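Presented below is the structure to which this report refers.
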Amino acid sequence: MKAAATFGKKTIRDVDVAGKRVFLRADLNVPIDDGRITDDTRIRASLPTIVHLLERDAIVILASHLGRPKGKVSDALRLKPVADRLSQLLGRPVRMTGDALGPGVQVAVDKLRPGDLLMLENLRFHAAEEDNDATFAESLAGLADIYVNDAFGSAHRAHASTEGITHHLPAVAGLLLEREVTALSKLLHRPPRPFHTVIGGAKVSGKLEVLEALLSRCQAILVGGGMANTFLAAKGMELGKSLVEDEQLANAERIMAEARRKRVRLMLPSDVVIAPQIHHRAQKRVVRVTEVPKDQMVVDIGPDTVTAYTEHLAKARTIFWNGPMGVFEIGSFAEGTNAIARFIAGRTADGVITIVGGGDSVAAVEKLHLARKMTHVSTGGGASLEFVEGKTLPGVEALLDADAPLPAAGDAA
Ligand code: ADP
Ligand code: MG
């Protein structure tokens, strides 16, 4: 199979799961506002693996983290709303345990029959999860015969449920994790050229490493969002009240110098949308980047920049996009982001590889209903960026290699 060739790890298709207890680590870490799920993308993305395992008569023990409870029980971060949504999507009840581990969990697991699904409470209520505590990992493993990792969004962290547990069970990939790795690998292994990246979002600081990695792989980097302000400021532009990271000016200069040396085209906005404040009723105006008044701030890229960027992107055979071009959460400041999203989506039909990664850029694409028009929209957030940087993800690394012999279920892997 073609996917397996680039993926290199065993998947659920390679193991006999009928009647076996499967510990399924998914990433069901969805945004929840006042008990309501505001975006269920990650739950829906986890469905294929869950359904596949249930249809093959596995006993599925589903585990995830939610938010950052920092090792303490937090009622606001219980997985109940996730179980409810999952239950709607599956069309069957989803039972939950009151804890991720403990005597109650064991009793509930012992009652399960082939084709049953049980969801554990938030793993991160235990500090041992993020500490990758060996005893905790072994106890989680003790619940099951086989381990499946489908939590691509958590694969860049070596936690008990993503790494430690693989030392005790045969460990294979779920379908989402396989799809993510296979799709994002297209950016690492000889992507069709020219390969152009559009990068934005709030800050340079969170994205230095990905910028550096892309400099050695892309032919052009088109910068937008708050991040562009810091580059413009490094070139001496006065940007009024705009978000500028003063402590990143030197890094921005260094990246621009490196781009020149490597002959990578680094494009910055020529015009911008400005407003006196970030507010949906704020009066906006388009100006050249050299003309931002002291009492205004940059909130989006301007129309000339959109034209210049899309004209340049039209030549690309591979496009990676991370980070919105402006404060897209406010409709009137979202025009630049939306125009870039529509343009990239339109290129897919011409055979261009179009990949979007990053929580907010993905949200922007979803909002426009353009996800289906991209080659791949990653659910990974930080994990996708680390993957694109060329880092190995501990949660992927720990899985059985595609050509490794399969230990009998229950044997230590
Ligand atoms: P992603 O999640 O796609 O990686 P980031 O988290 O880096 O993206 O950045 C997203 C945030 O950047 C959004 O909340 C957006 O409002 C903000 N942002 C974009 N442009 C600007 C700007 N000019 N000024 C302030 N914030 C901005
Ligand atoms: Mg973000």
Side-chain angles (χ1 to χ4, degrees), residues 27 29-31 38-39 41-42 67-68 153 156 184 197-211 213-214 221-233 237 239-246 248 252 268-280 282 284-287 289 292 296-302 305-306 309 319-341 344 354-368 370-371 374 376-389:
D27 182 358
N29 181 31
V30 291
T38 53
D39 176 7
T41 309
R42 282 183 165 170
R68 300 175 186 276
H156 58 318
L184 294 173
T197 288
V198 181
I199 192 157
K203 295 179 174 180
V204 173
S205 48
K207 297 193 177 164
L208 272 178
E209 290 181 71
V210 76
L211 277 168
L214 290 167
I221 299 181
L222 287 52
V223 187
M227 176 190 288
N229 298 343
T230 301
F231 281 95
L232 292 168
M237 246 63 93
L239 295 171
K241 294 198 294 177
S242 302
L243 170 72
V244 172
E245 288 176 286
D246 289 324
Q248 293 297 333
L268 296 175
S270 57
D271 63 341
V272 285
V273 178
I274 55 169
Q277 56 196 321
I278 295 179
H279 190 277
H280 68 279
K284 67 169 183 177
R285 191 150 65 85
V286 175
V287 295
V289 288
V292 180
Q296 302 275 313
M297 57 176 81
V298 175
V299 292
D300 197 3
I301 55 174
T305 303
V306 168
Y309 282 14
I319 301 174
F320 174 57
W321 177 29
N322 167 266
M325 298 290 98
V327 186
F328 76 106
E329 294 92 337
I330 292 178
S332 58
F333 305 158
E335 283 177 28
T337 300
N338 293 350
I340 294 292
I344 295 175
T354 55
I355 297 184
V356 188
D360 293 288
S361 7
V362 169
V365 168
E366 297 275 356
K367 216 160 154 184
L368 296 169
L370 289 174
M374 304 286 184
H376 183 68
V377 175
S378 180
T379 58
S384 358
L385 289 188
E386 288 200 17
F387 192 86
V388 171
E389 283 163 31

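First listed ligand is number 1; within each ligand, the first listed atom is number 1. Owing to the predicted nature of the structure, the values given are computational and were not obtained by experimental measurement.
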Next item on the list: I would like to know whether Val365 and Met374 meet side chain to side chain contact (heavy atoms under 4.5 Å, CB included); could you show each step before the answer?
Entry: CA-CA 9 Å; Val365 168; Met374 304 286 184; 4.2 Å; yes

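- Those atoms of ligand 1 with a heavy atom of Gly226 less than 4.0 angstrom away are 19 (C), 20 (N), 21 (C), 22 (C), 23 (N).
- Counting only heavy atoms of the protein, atom 18 (N) of ligand 1 lies nearest to Gly326 O, 3.9 Å.
- Across Ser242, Ser361, Gly200, heavy-atom proximity to atom 3 (O) of ligand 1 is greatest for Ser361.
- With values rounded to the nearest 0.5 angstrom, Asp39 atom CG is found 6.0 Å from Glu366 atom CD.
- Not a single heavy atom of Met297 sits less than 4.0 Å from an atom of ligand 1.
- Residue Asp360 approaches the Mg ion (ligand 2) most closely through its N/O/S atom OD2.
- The atoms of ligand 1 that sit less than 4.0 Å from any heavy atom of Pro324 are 3 (O), 8 (O), 10 (C).
- Across the listed options Val365, Asp360, Val327, Asp360 owns the non-hydrogen atom lying nearest to atom 10 (C) of ligand 1.
- Taking a cut-off of under 4.0 Å to the non-hydrogen atoms of Gly323, the atoms of ligand 1 that pass are 3 (O), 8 (O).
- When only interatomic distances are considered, the shortest N/O to N/O separation between Phe328 and ligand 1 does not fall below 3.5 Å.
- Near Gly359, meaning under 4.0 Å from one of its heavy atoms, ligand 1 places the atoms 1 (P), 2 (O), 3 (O).
- Leu184 approaches Ser384 most closely through the heavy-atom pair CD1-CB, 3.8 Å.
- The atoms of ligand 1 that sit less than 4.0 Å from any heavy atom of Lys207 are 1 (P), 4 (O), 5 (P), 7 (O), 8 (O).
- If you number the atoms of ligand 1 from 1 as listed, the ones under 4.0 Å from a heavy atom of Gly225 come out as 20 (N), 23 (N).
- Each of the atoms 22 (C), 23 (N), 24 (N) of ligand 1 lies under 4.0 Å from some heavy atom of Val298.
- Contacts with ligand 1 closer than 4.0 Å are made by side-chain heavy atoms of Asn322 only, the backbone lying farther away.
- For the pair Thr197 (side chain) and Ile199 (backbone), a donor-acceptor distance under 3.5 Å is absent.
- Across all their heavy atoms, Asp300 and Thr337 have their closest contact at OD1-N, 4.0 Å.
- Atom 13 (C) of ligand 1 has its closest protein heavy atom at Glu329 OE2, 3.2 Å.
- Among protein heavy atoms, the minimum distance from atom 12 (O) of ligand 1 is reached at Ala202 N, 3.0 Å.
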